[in-house]
S.K.: 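Dumping the structure here so I can ask a few things about it.
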Protein chains: 2
Amino acid sequence: MNLPAKHPSPRPGQKERRLAREKRILEAAEKVFAEAGFGGATMQLIADMAGLPKANLHYYFPTKEALYRQVVENIFQIWLRAADVFDSADGPAEAIAAYIDAKMEISRRHPAGSKVWASEVMHGAPVIQDYLEHTLTEWTEGRAKVIERWIAEGRMDRVNPHHLLYMLWATTQHYADFNHQIETLNGGKPLSDAQWEEAKASVKQIILAGIGIDASNL
Amino acid sequence: MNLPAKHPSPRPGQKERRLAREKRILEAAEKVFAEAGFGGATMQLIADMAGLPKANLHYYFPTKEALYRQVVENIFQIWLRAADVFDSADGPAEAIAAYIDAKMEISRRHPAGSKVWASEVMHGAPVIQDYLEHTLTEWTEGRAKVIERWIAEGRMDRVNPHHLLYMLWATTQHYADFNHQIETLNGGKPLSDAQWEEAKASVKQIILAGIGIDASNL
DNA sequence: AAAATTCTTGACCAATTGGTCAACTGGTGT
DNA sequence: ACACCAGTTGACCAATTGGTCAAGAATTTT
C-alpha cells in the first residue's frame with residue numbers, strides 16, 4: 001500500500017500520474033481517430049495533440065492498434081452505461097424517452113467517441129466484433145423481448161422491436177456522426193442549447209407517437 | 001465526329017472504352033474507400049481490385065484525391081436523384097413513403113457509396129463542403145417549406161421539419177452504414193428480401209404514424 | 001545516499017506510400 | 001506502309017509511416 005492519500009491525492013502519486021497521462025493520450029487519440037479515421041490518423045498527430053513526443057506514446061500503448069482498441073472499448077462502455085437507463089423505467093414511454101435522452105446526450109458530449117464507434121462498425125468492426133457478437137447481441141435480444149412484452153400488454157403499437165431499436169440508434173447517433181452536416185444546414189453554427197432541446201423533443205415526439213404512445217404526460 | 005456508332009456501339013469505340021475503364025476504376029475505388037476509409041485506402045489496393053497496374057490509375061485520375069472526389073460526387077448524384085421522388089407525390093403520405101423506399105433502396109444497392117458519403121461528412125466534408133452549403137442547403141430548406149405547408153393544411157402533425165428530415169436520413173442511411181452490425185445481430189446473415197421489406201415497412205410505419213399520418217391506404 | 005525502478009526522448013530504421021517517368025504497345029487515319 | 005497519339009506499364013523516387021532503442025532523467029525504495 002502507498003503511504004500518502006489518506007485524503008485524495010495532495011501530490012499526484014505514481015498510479016494517478018500514470019492514469020492521468022493515459023487519459024490525456026486517449027483523449028487526443030479519440031479526437032484524431034474521429035477526425036481522420038484509423039488509417040488517416042498518425043501517431044505523430046496524436047502525440048502533438050497530446051503534447052508529448054511520439055516515442056512516449058509507445059511507452060503507454062505499444063502499438064497504434066492497441067491505442068485504437070482502448071479508445072473503442074472506452075466508448076463502448078459509455079454506450080453500455082446509457083443502455084442501462086432503458087431498464088430504469090417500467091413502461092415503454094418512460095424507458096424509451098429516457099433512452100433517447102441518454103443517447104442524445106452522448107452524441108452531444110462525446111461526438112468524437114461516437115464517430116470512432118461508427119467508423120469502426122462501418123469498416124466491419126475489425127477490433128470489436130466480439131462485443132457485437134456477445135454483449136451487444138445479448139442486450140439487443142433482451143430488450144427486444146421487453147418490447148414484445150409491452151406490445152403484448154397493449155402498452156404500445158405492434159412494431160418490429162429490432163427495427164425500432166435500429167431507428168433509436170440511427171436517429172440519436174446521427175446528431176454526432178453527421179454533426180458537421182447539421183451544423184452546415186444550421187447556418188454554420190453549432191446547435192444551441194435550445195436547439196438541442198428541440199432536437200431531443202422532436203425525436204421523442206415522432207418515435208413515441210410512431211409506436212402509439214401518448215407522450216403528453218411525460 | 002467519329003464515324004461509327006450510328007447504332008449504339010456494336011464495337012466498343014474509344015470513348016466507350018475510356019468510360020468503361022473509368023467506371024471499373026471508380027467501382028473498385030468506391031469499395032476500397034468504403035472498407036478502409038480515405039486514409040486507409042491505397043492506390044495499390046484499388047488497382048489490384050480493378051485488376052490494373054497502379055500506374056494506370058494515375059493515367060485516368062491524376063491523384064488519390066481526384067479519384068476520391070469523383071467517387072463522392074457520384075454518390076451525391078444518386079442521393080439527389082432519390083431526393084426527387086420527394087416531389088413526385090402531392091401529399092405527405094405518398095411523398096415520405098416514396099422517399100423512404102428510395103433511400104432504403106440506395107442503402108441496399110449502394111452500401112459502399114453510402115459509407116463513403118457518411119465517412120466524408122463525418123470527417124468534416126473536406127471535399128464536398130460546397131455541395132453541403134449550396135445544393136443540399138437549398139434542397140433542405142425547400143423541402144422544409146413543403147412540410148410546413150402540409151402542417152398548415154392539417155395534413156400531418158406539427159413537427160420540426162428539419163428534425164424530421166434528419167430522422168429520415170439517419171434511419172435509412174443506418175441500414176447501409178451499420179449493415180455489418182445489423183448483419184451480426186441477424187445471426188451473421190445479410191437481410192433476406194423479406195427482411196428488407198419488413199425493414200422498409202417498419203420505418204414507414206413508425207415515421208408516418210409518428211407524424212400523424214394514417215398509412216393504411218398506401 | 002545509493003541502488004533500483006519507472007519514465008522520457010532524440011535519433012534511427014525498415015517498410016510503405018502517392019506519384020513520376022520513359023519506354024513500349026496498339027489501334028486509327030492518311 | 002507510315003506517322004501519330006491514346007493508352008499501358010515496370011522501375012523508380014522522395015516522403016511519411018509505425019515502431020525501436022539506448023542513453024539519460026526522475027522518482028521510489030532500500
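All figures in this text were calculated on a predicted structure; none of them were measured in a lab. Numbers restart at 1 for each chain; the letters A, B, ... are given by sequence-line order, proteins then strands.
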S.K.: For DNA chain C, what residues of residues 23-30 of chain B have any heavy atom nearer than 4.0 Å?
M.R.: none
S.K.: Quick test of your reading: applying ring pair (Phe, Tyr, Trp, His ring centres under 6.0 Å), list the pairs with at least one residue in residues 39-70 of chain B, sequence neighbours left out, ordered by first then second residue.
M.R.: Phe33(B)-Tyr68(B), Phe38(B)-Tyr68(B)
S.K.: Counting just side-chain N and O atoms, does Arg18(B) come under 4.0 Å of either OP1 or OP2 of dG7(D)?
M.R.: yes
S.K.: Could you list the residues that satisfy salt bridge (charged side-chain N to carboxylate O under 4.0 Å, His left out) with Glu22(B), not counting sequence neighbours?
M.R.: Arg18(B)
S.K.: Please tabulate, for the side chains in residues 175-188 of chain B, all donor-acceptor contacts under 3.5 angstrom to protein atoms that are two or more places apart in sequence or on a different chain.
M.R.:
residue	atom	partner	partner atom	Å
Tyr175(B)	OH	His163(A)	ND1	2.7
Asp177(B)	OD2	Gln173(B)	NE2	3.4
Asn179(B)	OD1	Lys115(B)	NZ	3.3
His180(B)	NE2	Gly124(A)	O	3.2
His180(B)	NE2	Gln129(A)	OE1	2.6
Thr184(B)	OG1	Gln129(A)	NE2	3.4
Thr184(B)	OG1	His180(B)	O	2.9
Asn186(B)	OD1	Gln195(B)	NE2	2.9
Asn186(B)	ND2	Lys189(B)	O	3.0
Asn186(B)	ND2	Gln195(B)	OE1	3.2

S.K.: With sequence neighbours excluded, what pairs up with Glu73(A) under the salt bridge (charged side-chain N to carboxylate O under 4.0 Å, His left out) test?
M.R.: Arg69(A)
S.K.: Under 4.0 Å, heavy atom to any atom of DNA chain C: which of residues 42-63 of chain A qualify?
M.R.: Pro53(A), Ala55(A), Asn56(A), Tyr59(A), Tyr60(A)
S.K.: For Asp48(A), check salt bridge (charged side-chain N to carboxylate O under 4.0 Å, His left out) against everything at least two apart and list the hits.
M.R.: none
S.K.: Over how many whole Å does the gap from Arg21(A) atom CZ to dT9(C) atom C1' extend?
M.R.: 12 Å
S.K.: State which residues pass side chain to side chain contact (heavy atoms under 4.5 Å, CB included) with Arg109(B); sequence neighbours excluded, sorted by chain then number.
M.R.: Glu105(B)
S.K.: Let me check something: any side-chain donor-acceptor pairs from residues 96-103 of chain B under 3.5 Å, sequence neighbours excluded? List them with distances.
M.R.:
residue	atom	partner	partner atom	Å
Tyr99(B)	OH	Trp169(B)	NE1	3.0
Asp101(B)	OD1	Lys204(B)	NZ	2.9
Asp101(B)	OD2	Lys204(B)	NZ	3.1

S.K.: In terms of heavy-atom contacts, does NZ of Lys64(A) have more than 12 from other residues, nucleotides or ligands at under 6.0 Å?
M.R.: yes
S.K.: Look at all strands and tell whether Ala66(A) reaches a base, only sugar-phosphate, or nothing, counting heavy atoms closer than 4.0 Å.
M.R.: nothing
